Amino acid sequence: MKTGIVKDARYLEHITPDYHPENHHRLEVIYGMLNEGNMAGRFVEVVPRFATKEEIELIHTSDYVSRVAATADKPHTMLDPDTHTSPKSYDAAKLAVGGVLESIDRVIASEIDNSFALVRPPGHHAESNKGMGFCLFNNVAIGARYAIERHSLERILVVDWDLHHGNGTQNAFYDDPRVLYFSTHQFPYYPGTGGFDEIGRGKGGGFTVNVPLSGGQGDSDYIQIFKRILKPISLQFKPQLVLVSAGFDTYFRDPLGSMNVTPKGFARLTRLLLEIADRNCQGRIVFALEGGYNLEGLKESVKAVLKELRGDSTLTEEEMDVENVSSPSVDSVIDRVAGVHKGFWRFITV
Ligand SMILES: [Zn+2]
């Protein structure tokens, strides 16, 4: 497989205060890992570009884009109590969007099979008119709308496995049946959205699928949720492109979360997403980095995902064959999601 990666030193120039978990060290450890012997030279470098104002305004209001633009060259500003800017943040944010857009272009052109945009700042909390939760522009939401506008796609699946609910992405497509937004997240927790009953509105009814989790869920729980909820819905929705808001703050030692996912778990979830992409859209899938604040976990988890994307799995046959059992609390979550969505989708074993 030809797997693209977006990496660029300019993403490190979005500087946040020393105490801030979303800092440049996150990408430094990931980029360092890419230079290790068994990783170097194995990926196609996708060179990011600055997204244009028009592209960013596919999701964001002109007023908000201007507000972020006005932070350029200012030593420090805050878009909300968690969301800081430095002189080069606006450039980094435009380049983060552009990294996702370039990945989409190259995957759709079949120049590469799949791609992982290793970018920051992250995006999924950014709303049309405001930045929040460490996010400036909504990289994945802009990517989804760009794929619709530029590539005339009609069905995009967005999978958001970040610890947090992607309120910005959900809101961008809440009444739009062309983008199916699926999210697993700790709940109740920041940002407060993502309850069972948030299922979309109007024509978008059923095209928002939230799986709120209490905390403590691990690999086998996530695998069961993906197999029993995401997979059957995806095979009925038939996406033409899959976008992944890949946050690694569900890692078992993440400082912000209380989930128990391991690098092998991320590898297995990636394998399931690849299967969904293979069965629907010639394997077209683009990952974009969201959260993840334990540096060792970030490095090992991204590495495990990249190996799966390349078809160079770290999973043994035995690990793939293990009969996973979810906890009873997760079984009841799965039942509840299926119940809320039974008017829209069939939950058969596929
Ligand atoms: Zn997060």
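Predicted model only: the values in this text are computed from it and were never measured. Atoms within a ligand are numbered from 1 in the order they appear, just like the ligands themselves. Position 1 is the first residue of the sequence, and the numbers go up from there.
- Within Asp249, the N/O/S atom positioned nearest the Zn ion (ligand 1) carries the name OD2.
- Using a cut-off of 4.0 Å between Lys/Arg side-chain N and Asp/Glu carboxylate O, Arg150 and Glu55 are scored as salt-bridged.
- Of all N, O or S atoms in His164, the one lying closest to the Zn ion (ligand 1) is ND1.
- Of the charged side-chain nitrogens involved, none lies within less than 4.0 Å of a carboxylate oxygen, so that Arg310 and Asp113 do not count as a salt-bridged pair.
- Residue-level check: among N/O/S atoms of Asp162, OD1 sits closest to the Zn ion (ligand 1).
- With respect to His165, the side-chain hydrogen bond (donor to acceptor under 3.5 Å, both in side chains) criterion is satisfied by exactly one of Gln170, His124, His125, Glu198: Gln170.
- A cation-pi geometry, defined here as NZ or CZ lying under 6.0 Å from the six-membered ring centre and within 45° of its normal, holds between Arg10 and Phe50.
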